[in-house]
Each structure stands twice: as structure tokens, then as C-alpha cells.
Number of protein chains: 2
Amino acid sequence: MSAVKESKLDEQVAQRLDQSGFRATPQRTHVYKTLTAKRDHPTAEEVFIRAKKEMPEISMATVYNCLDALVQSNLVKLVNHERGATRYCSNMMEHHHFYCDECGSAFDIDSAGAREPLVKMPAGFKPDRYEIAFRGLCPDCAGKKRGK
Amino acid sequence: MSAVKESKLDEQVAQRLDQSGFRATPQRTHVYKTLTAKRDHPTAEEVFIRAKKEMPEISMATVYNCLDALVQSNLVKLVNHERGATRYCSNMMEHHHFYCDECGSAFDIDSAGAREPLVKMPAGFKPDRYEIAFRGLCPDCAGKKRGK
DNA sequence: GTTGATGCAAAGCTTTTGCACACCG
DNA sequence: CGGTGTGCAAAAGCTTTGCATCAAC
């Protein structure tokens, strides 16, 4: 990763935050980077732990504040699919999620080339985006079940 | 329960619970009925409050236990879309959800006659169901925004 | 200076757990 | 009996809030 690319990313994040009425603080961009560094779906606490490695003075309250700001700026999505702490996802590319019934893991499913879902919307609703949650067995668990 | 004739619904619920290895207790069927009585997406606490009206001795822990059993028996779905308490939905007919960005309400969107979503699943995943979450403005909020 | 953000600690809300008792098989 | 479920209370987990301080506009 080059310094040039990084600053470009920073700029974009800053711009998005600004557009939504938030200041682009070091904490906010750092939380965003923490989230993008790994393609998983961490809880606020996991983000906090990771973020602290590079920014030891950051607090939990700030992580929540940052995540809120990032979600409202459409830089990060909530991905709750079961009880327990809210999870966050920084992959804003068009994609969906697959939740394994067996192990509970969440996977990103690319939606490139997918057809728009055809669902009749009742009058008056103005949808501007959608996300599909698939459920079933992930490759690992499907293998284990078959193996038995 | 008693030997008195149970309703057809009760029987079906009992059967589903049994199939999943749960006993069909009065609390479980009552929580299920409480949930089906109104077509909304209450939190566990809201379910508790409603359930207590007819069954004053029921406890919060039991409501959680019942909801768990119902979810595992596929009689009830979790519908989390924002931070805060988990919400539950007993409408298991094929349908999707619409979440309003403005007021945060969740609406059921009928999916009758909808086309299967066409998304390329990576090798090995065995999906058996899916749900689409739409986001945007509900009729009320869309109206107010236009009005301004 | 005014407003917004941070860090800390405390409070608040949501969910789970341990335990004694009751019930079903 | 043995195991499951319930109700209660306490604990644990997750998130928000109040406040003093600091930084940005």
C-alpha cells in the first residue's frame, strides 16, 4: 500500500463524513481503516480492540461514536443477523450475506451481475437500496454434515 | 396441556416444537400467539408485556426461552436491522422487509409472485432460504419530505 | 467563542445464568 | 426418578450518557 493511495482514501472518507455533517477526525478515519483492514464482520468491541493497537488512547465511547458517524455517512453497514452484539461491515461494494445455520458465520456474497430482485412494492414506498440475506450451510459445515 | 380439544393452530405449533426437540408448553404456545396477534416486530420486552396480560406469572427469562425455542423451530424469525434490542416476527409467509431510513420502522413486503434472486453463490454454499431487506423512505416519510 | 469530538466513568438497557421447584414421560 | 421448563434474582454483556477537556471552525 502506497502513501499516495492511503491519502486518497483518507480524502474520500473525509469527504463522505463532511457531506453527512461530521468532522473527519483522526479517530473516525482510524476506525474506518481498522474496519477495512480485515474483511470480516466485527462487533464494536472487536473494532475497539483492533483500533487500540495503533491508537492506544481511543475509548469505547469514541468507537461507538465513530461507527455511528461512519454508518450515517454510508461508509459502513450494520450486519445483525443473530442475537448478541451488533456487527459492522465496511465492504460497501454491492454484495449480500450468507449466514450459516450451523456455525453462525457470516460470509460476503458478491452480487456482481445479479438481476434486480423483482418484488412488488406497495404504493408509496421509495426504496433506494436492498440487501439479500441467504441462510443455509456454508461449505465447511455442509462438508461435515455430509461426512457424518 | 389439557385433554380439551386444542385448536388446529395449537396442534401445528406443538408439532413444530416437538419436531425440533422442544416440549410444547403453555408458555411457548402463548408467546407464539402473542406474537401472531399483531403484525408488527416487537422486542422481547414488548412480547413480555403483551404476554403478561393473559399470563401474568410469565417471566422475562421464560419469554427469552420461548422465543429461542420458536426461532429454532422456525415458527418465528429474528429481524434485527438497527442497534438496540432484537426484534421478532411471526409472519413466516414468504415476505421481505422494508426499513425506513427516516423513522426507522420496519414493514413487511409481500413477495408473492416474486422472481428468485439471481446471485451467483460461491462453490459449496448450500442456501435454503433468503430474505431481502429494502431500505429507503416509507410512504409517510416520503410524503413529509416532498411536502417540505 | 461556539460548536463538535474525545475520553473516562457511570448509568442504562438487554440478555443470560444459576438455582430451586414443578411437571412430563 | 431423570430430564426439561419455569420463575426469580443476580450477573453479565452491550450501548449510551454526563461531564470536563480539547480541538476545529
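A note on names: the letters A, B, ... follow the listed sequences, proteins ahead of strands, and every chain is numbered from 1.
In this structure, B/H41 has its ring center at least 6.0 angstrom away from the ring center of B/H81. Less than 6.0 angstrom separates the ring centroid of A/H96 from the ring centroid of A/Y130. Proximity of the aromatic rings of B/F125 and A/F107 is defined here by a centroid distance below 6.0 angstrom, and this criterion is met.
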Base-contact (B) and sugar-phosphate-only (S) positions in nucleotides 1-14 of chain D, heavy-atom cut-off under 4.0 Å, - elsewhere: --BBSSBB-----S
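When rounded to the nearest whole Å, the span between CE of A/M60 and P of D/dT17 equals 15 Å. C/dG7 atom P lies 11 Å from atom NE2 of A/H30, rounded to whole Å. To the nearest angstrom, C1' of C/dT15 lies 13 Å from CG of B/N80. Rounded to an integer number of Å, the gap from B/E82 CD to C/dT14 P is 12 Å. Distance CG (A/L67) to C1' (C/dT6): 15 Å, rounded to an integer number of Å.
Shown here for A/Y32 and A/L75, the closest heavy-atom pair between the two residues is CE1-O, 3.5 Å.
Looking only at side-chain heavy atoms (C-beta outward), B/R28 and B/T25 come within less than 4.5 Å of each other.
For the residue pair B/H30 / B/E54, no side-chain donor-acceptor distance below 3.5 Å is found, with atom types taken as modelled.
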